[in-house]
Amino acid sequence: MKGSYRVTVSNAKVRYDFTIRRNITIIRGDSATGKTILVEMIQEYYESGKDSGVELNCERPCRVLAGRDWKPVLDTIHEGIIFIDENNGFLPTDEFARAVQKSDNYYVIVTREGLPYYRR
């Protein structure tokens, strides 16, 4: 996937509005600054649509990747924007890194500390 994509996520209390321009984007920040809320809102919208009270606007599908079934779920997403919270055990694995390299998706990783850099 190439290009930039504007993502707007909002509910009655909060609004996020940003543009994704890279294959991998890291959103870093201190605790209690709303990073996990963003991921939760996207998941709520995916599960319940407008009934969630969340409005999500983007020309590409936005999904949350989490849990032990990450790989089969990732295999079904193409040309999307995938959001991942830092507490997922698959995040620092070689298997996940290889899956990202073969993917046509953009990834947004939400973390407090950043990710370690591994030179291969």
Side-chain angles (χ1 to χ4, degrees):
M1 200 162 77
K2 294 190 184 227
S4 63
Y5 300 95
R6 184 174 179 186
V7 179
T8 305
V9 183
S10 61
N11 64 16
K13 295 182 180 184
V14 66
R15 176 182 171 89
Y16 300 89
D17 189 345
F18 53 94
T19 301
I20 302 296
R21 294 183 177 90
R22 302 185 190 285
N23 181 351
I24 299 173
T25 299
I26 308 289
I27 297 178
R28 282 185 54 197
D30 293 334
S31 294
T33 56
K35 300 175 308 298
T36 297
I37 298 292
L38 168 65
V39 174
E40 290 171 351
M41 287 172 63
I42 292 168
Q43 184 64 27
E44 288 173 20
Y45 182 83
Y46 178 76
E47 290 177 1
S48 302
K50 297 259 183 204
D51 290 339
S52 67
V54 174
E55 187 174 326
L56 189 150
N57 292 303
C58 185
E59 68 180 86
R60 295 292 178 180
C62 294
R63 292 279 307 271
V64 173
L65 190 63
R68 65 178 180 223
D69 293 335
W70 70 269
K71 191 169 183 180
V73 171
L74 182 57
D75 289 342
T76 67
I77 305 169
H78 299 284
E79 295 188 349
I81 300 172
I82 299 174
F83 291 78
I84 305 167
D85 203 359
E86 68 185 337
N87 61 356
N88 286 283
F90 63 82
L91 196 55
T93 67
D94 289 339
E95 183 179 24
F96 178 66
R98 284 190 297 274
V100 168
Q101 289 174 340
K102 296 176 186 174
S103 169
D104 61 357
N105 297 304
Y106 278 13
Y107 294 84
V108 178
I109 300 170
V110 173
T111 179
R112 282 188 303 275
E113 300 297 322
L115 295 176
Y117 172 74
Y118 296 101
R119 188 174 289 232
R120 302 211 192 299

Could you check if a side-chain atom of Leu65 sits within less than 4.5 angstrom of a side-chain atom of Phe96, using non-hydrogen atoms only? yes
Any side-chain heavy atom of Asn87 sitting closer than 4.5 Å to one from Thr36? no
Find out whether Ile81 and Tyr5 are in side-chain contact, i.e. whether some heavy atom of one side chain is under 4.5 Å from a heavy atom of the other. yes
Side-chain contact, heavy-atom cut-off 4.5 Å: Val7 with Ile20? yes
Could you report the tightest heavy-atom contact between Ala99 and Leu74, atom names first, then the distance? CB-CD2, 3.8 Å
Please check: side-chain N/O of Asn57 versus main-chain N/O of Thr8, any donor-acceptor pairing under 3.5 Å? no
Can you list the steps and then say if Gln43 with Arg63 is a side-chain contact (heavy atoms from CB on, under 4.5 Å)? CA-CA 7 Å; Gln43 184 64 27; Arg63 292 279 307 271; 5.9 Å; no
Any side-chain heavy-atom pair from Ile109 and Ile27 closer than 4.5 angstrom? no
Following the transitive rule for hydrophobic clusters with a side-chain heavy-atom cut-off under 4.5 Å over Ile, Leu, Val, Met, Phe, Trp and Tyr, establish whether Tyr46 and Val54 coincide in one cluster. no
Side-chain donor or acceptor of Ser48 paired with backbone N/O of Tyr45 under 3.5 Å: no
Quick check: do Glu44 and Glu47 have side-chain heavy atoms less than 4.5 Å from each other? no
Is it the case that the side chains of Thr111 and Glu86 hold a donor-acceptor pair, with the cut-off being a distance below 3.5 Å and no angle test? yes
Decide yes or no for Tyr107 and Val100: does some side-chain heavy atom of the first lie under 4.5 Å from some side-chain heavy atom of the second? yes
Tell me, do Val64 and Ile82 make a side-chain contact under 4.5 Å, heavy atoms counted? no
Would you be so kind as to tabulate the donor-acceptor pairs closer than 3.5 Å made by side chains of residues 9-19, with sequence neighbours excluded?
residue	atom	partner	partner atom	Å
Asn11	OD1	Lys13	N	2.8
Asn11	OD1	Val14	N	2.9
Arg15	NH2	Asp17	OD2	3.4
Tyr16	OH	Gly34	O	2.6
Asp17	OD1	Arg6	NE	2.9
Asp17	OD1	Arg6	NH2	3.4
Asp17	OD2	Arg6	NH2	2.5

How long is the straight-line distance from CZ of Arg28 back to CD1 of Ile26, given to the nearest 0.5 Å? 9.0 Å
